[in-house]
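The figures that follow rest on heavy atoms only: side chains count, while hydrogens, waters and symmetry mates do not. For clarity, every value in this text was computed on a predicted model and none was experimentally measured.
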Amino acid sequence: MNYSTRSEVYRQIISLREQIEYHSHRYYILDNPEIPDGDFDLLLNELESLELAHPEYAAPDSPTNRVGAPPSRGFSTVTHTTPMKSLGNAFNEQEIQDFDRRVRQLVANDNPVDYIAEPKFDGLAVSLCYERGWLVQAATRGDGTQGENITRNMRAVLKDMTLIQGSAVPAKLEVRGEVIMLRKDFDDLNEAQIRSGQKRFANPRNAAAGSLRQLDPAITASRPLRIFCYALGEVSGNLQFKTHADSLEWIRSLGLPVSEQIESVQDAEGCLEYYNKMLINRDNYPFEMDGVVYKVANLQWQEQLGFTAKAPRWAVAYKFPAQEAITQVEAIDIQVGRTGAITPVARLTPVFVGGVTVSNATLHNRKEIQRLDVRVGDSVIVRRAGDVIPEIVSVIQSKRPDNTVEYAFPEQCPVCDSVIVYPGEEIIARCSGGLYCRAQKVRSIIHFVSRKAMDIDGMGEKMVAQLVSEGLVNTVADLYRLDFETLTKLEGKAEKSASNLLKAIDSSRSTTLARFIYALGIPQVGETTAEILAERFTDLDCLMGAGEAQLVGVPDIGPIVSKDIIAFFDQQHNQEVIQDLLEMGISWFSEEIISEAPSELPMSIEFSPFRDKTVVLTGTLSMTRDQAKSMLKRAGAKVTGSVSKRTDYVIAGEQAGTKAEKARSLEVPLLDEAQFLEMLGEHKLMLQ
Ligand code: IVH
């Protein structure tokens with residue numbers, strides 16, 4: 001930013017300091033931040049650079065000279081034997097190269113430097129002091145000099161790690177680390193909080209901080225907190241470690257948790273490689289990271305490099321792109337799903353967050369809107385973490401315009417006017433209109449034509465909506481009655497694309513039973529359940545006539561799903577549509593043709609190299625995906641859609657893209673089609 005006069009600079013410095021004080025208090029003391037962490041970092045960065053350019057305005061009590069916030073009331077205060085400093089932040093490659101160059105020049109005679117690269121856990125820093133193996137004091141970082149005494153709470157977190165045993169334990173030992181909450185535990189906790197009518201936490205970090213800084217340790221004990229240790233503090237005796245990695249290994253040998261993702265890297269280049277790898281896999285780890293940390297490996301060099309007022313010169317944090325951002329709510333719309341589920345959606349001023357532009361966020365349900373009290377016109381924090389649909393985590397009350405009104409959840413379906421109901425104890429609202437509701441009809445047709453169902457290429461959402469609103473398609477069977485003339489009359493439909501679409505409709509007539517079952521859109525019957533049903537019943541009539549006893553005998557199907565299946569086939573309307581579809585020529589191979597007789601399966605699987613393996617298919621193979629999938633399944637494999645550490649093989653055809661890349665970075669074995677067939681072939685030979 002450019003400021004034309006010195007007084008403008010001064011005013012901006014004062015304003016930034018005030019804003020930072022305000023937000024620090026909300027973050028560190030109240031565990032209830034009002035702005036995303038990334039925005040806080042930006043304020044601090046701007047202040048830092050202004051103070052650097054105008055040293056005459058620097059002040060000893062500026063937040064730039066401070067770490068965190070002083071301890072809050074309620075806990076006694078602990079003075080750290082050695083200060084708990086913060087880390088300098090880097091936001092781009094250049095800053096990492098600069099860091100590496102500085103280190104190289106200062107201590108390594110311009111030779112390559114080894115670093116220990118670690119995840120930067122998004123939790124809160126703690127210091128653990130042990131005497132003769134017993135935990136005698138635990139403290140938060142506080143302002144770096146003084147923290148809060150949270151010993152009783154930490155005992156609840158550490159459980160049997162409250163006592164460290166063994167002859168190697170020094171009389172005095174201080175270990176530092178980060179207390180965090182795993183993503184899954186955070187989701188479960190939030191669900192429980194909502195069920196008991198309590199506050200939902202905005203993110204795992206806030207949940208961890210809020211759970212640890214409880215005056216009643218029993219509450220902390222009931223929360224799923226974990227710790228990862230990343231450094232030693234004061235240690236008595238004369239332990240001599242050469243590298244930071246050695247000290248981490250020693251901490252691990254004492255039985256304290258140390259991250260498994262720590263690696264030795266060399267140079268800026270090694271640092272950047274590690275960053276990219278961790279960033280690509282960010283969502284696959286069970287915990288949240290807000291970046292990675294590099295520490296000079298050589299401890300003697302660490303000592304030589306020392307500290308600035310706030311942070312070590314021997315370490316730096318390279319931050320990941322923010323997963324939260326501020327934007328405005330432009331409207332709140334209601335979406336009606338295929339089975340009538342009503343979901344409120346916030347339409348947002350587009351904002352770049354978590355690597356994509358987000359313009360919609362789910363508001364989940366009526367209760368969630370009430371809890372957030374979100375209104376049109378509000379400024380909100382939107383969060384997009386992993387593959388999860390973007391959510392609003394909080395409303396910035398202080399930015400609320402004057403004329404907003406509380407959102408009134410509709411009592412009638414906005415599409416068909418039918419009454420909105422809340423079946424059972426569900427918090428989910430449903431439109432009671434069934435297929436009378438145009439929205440439900442449109443959504444169920446979109447589901448029917450989708451890729452994993454009947455796979456009618458070229459039939460998009462807009463087109464389906466148009467066909468339904470013009471009365472050309474009333475049930476999914478009507479799709480097979482469409483002709484060239486009707487299609488070319490539709491708005492924007494060229495002859496070429498109309499004939500392509502007709503071809504796609506026609507070829508969808510020959511399908512598999514599993515796809516057909518899935519396409520019907522039976523509530524709770526997803527792709528996998530449909531496959532299991534097809535495998536078990538092999539015949540549509542048998543499935544349609546199955547009673548609860550037969551259905552519940554099928555793996556993965558419980559009484560609730562079986563009720564939905566029976567209710568679906570009981571409805572005359574559904575029976576008629578199915579009959580109509582069959583008359584329109586929908587057919588599938590009987591399962592025997594594409595798979596071996598079930599009695600042969602156990603033997604063939606026994607020797608299979610794919611037995612119990614998790615396999616992902618990607619790219620174009622010379623056979624169809626379904627064929628490859630069915631071959632793998634017969635060989636005893638589980639075929640899944642996304643690559644993770646648990647994947648055993650990725651079979652990559654032509655033009656394989658991100659999934660193959662991910663497999664490489666996770667070191668999951670990649671097979672091309674020839675290798676895949678060879679492995680299958682070898683297995684067949686063994687059977688002969
Ligand atoms: S080392 C003197 N290592 O990040 C350096 N900190 O922004 C002390 N953090 O206060 C910190 N993961 O709460 C270090 N692997 C890691 C870390 C880590 C998370 C936190 C810690 C620290 C903050 C600084």
**Atom pair CG/NE2 of L30 and H25 - distance to nearest 0.5 Å** =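 L30 CG to H25 NE2: 4.0 Å, rounded to 0.5 Å.
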
Expected output: side-chain [X] to main-chain [Y] donor-acceptor under 3.5 Å:
X: S211; Y: T220; value: no
X: E178; Y: G123; value: yes
X: R26; Y: I35; value: no
X: R17; Y: L47; value: no

So, [X] versus [Y]: side-chain donor-acceptor pair below 3.5 Å or not?
X: E661; Y: S665; answer: no
X: H54; Y: Q12; answer: no
X: T77; Y: Q146; answer: no
X: E174; Y: S127; answer: yes
X: E324; Y: N203; answer: yes
X: Y275; Y: E93; answer: no
X: D100; Y: Y115; answer: yes
X: T81; Y: E234; answer: no

**Message:** For F201 versus N206, what's the shortest heavy-atom pair and its separation?
**Reply:**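 Of all heavy-atom pairs spanning F201 and N206, the closest is CD2-O, 4.0 Å.
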
**Message:** Would you say the ring centers of F287 and F121 fall short of 6.0 Å from each other?
**Reply:**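 F287 vs F121: aromatic centres under 6.0 Å.
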
**Request:** Give a yes/no verdict on a cation-pi contact between R205 and Y27, requiring under 6.0 Å between NZ or CZ and the six-membered ring centre and an angle within 45° of the axis.
**Result:**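 Relative to the ring axis of Y27, which defines the angle, R205 lies inside both limits.
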
